[in-house]
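Heads up, the thing below is written out as structure tokens.
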Amino acid sequence: MGVVNTTPDSFYDGGKYVDPERAIELVDRLIGDGADIVDVGAESTRPGSTGVPADEQIRRLEPALRHAVARGVAVSVDTTLADVARHALSLGAHIVNDV
């Protein structure tokens with residue numbers, strides 16, 4: 001499994017993949033490295049983080065999610081919001097990762 005965080009306050013990567021082009025490049029690199037699942041998230045769940053509205057999460061994660069689906073890997077969406085999960089599933093995500 002590879003992880004793509006599309007949030008500027010990611011505790012994992014420090015916001016490196018907010019830019020959709022960089023997130024898509026990461027998807028390709030993860031798949032090239034052998035990931036058979038790509039987990040895309042658009043909201044930090046670190047302690048003290050601020051929630052992100054559904055429409056903003058969708059805007060952030062959609063390019064990487066669509067690209068991963070098109071590449072044919074299983075896609076997981078990391079969200080706590082049902083609207084984001086539903087939208088991701090409608091785009092072809094396979095897994096909802098709800099902390």
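Worth knowing before you read on, the calculation uses all heavy atoms, side chains too, and leaves out hydrogens, waters and symmetry mates.
Here the closest non-hydrogen pair linking S90 and H87 is OG-O, 2.7 Å. Contact record, V4 with A23: CG1-CB, 4.0 Å, taken as the closest heavy-atom pair. Of all the heavy atoms in L65 and A88, the pair that sits closest is CD1-CB, 3.6 Å.
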>> Assess the residue pair L91 and V69 against the criterion (side-chain contact (heavy atoms from CB on, under 4.5 Å)); give the C-alpha distance rounded to whole Å, side-chain angles, the decisive distance to 0.1 Å, and a yes or no.
In response: CA-CA 8 Å; L91 296 176; V69 168; 5.6 Å; no
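Shown here are the salt bridge (charged side-chain N to carboxylate O under 4.0 Å, His left out) partners of E56, two or more places apart in sequence or in another chain: R59, R60. For P63, the side-chain contact (heavy atoms from CB on, under 4.5 Å) test picks out P20, I24, with sequence neighbours left out. Under the side-chain contact (heavy atoms from CB on, under 4.5 Å) criterion, D36 pairs with no residue, sequence neighbours left out. For D28, the salt bridge (charged side-chain N to carboxylate O under 4.0 Å, His left out) partners at least two apart in sequence or on another chain are R71.
No donor-acceptor distance shorter than 3.5 angstrom exists from the side chain of N5 to the backbone of T7, with no hydrogens or angles considered.
Summarising the hydrophobic clusters (Ile, Leu, Val, Met, Phe, Trp, Tyr; side-chain heavy atoms under 4.5 Å, direct or chained), the residues clustered with M1 are I37, I95.
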Quick one: side chains of residues 74-84, donor-acceptor pairs under 3.5 Å with protein atoms, not counting sequence neighbours, listed by atom name and distance.
unit_1 : atom_1 : unit_2 : atom_2 : d
S76    : OG     : D39    : OD1    : 2.6
T79    : OG1    : Q57    : OE1    : 2.8
T79    : OG1    : L81    : N      : 3.1
T80    : OG1    : E43    : OE1    : 3.4
D83    : OD1    : R86    : NH2    : 2.6

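The distance from the CD atom of E62 to the NE2 atom of H67 is 14.5 Å, given to the nearest 0.5 Å.
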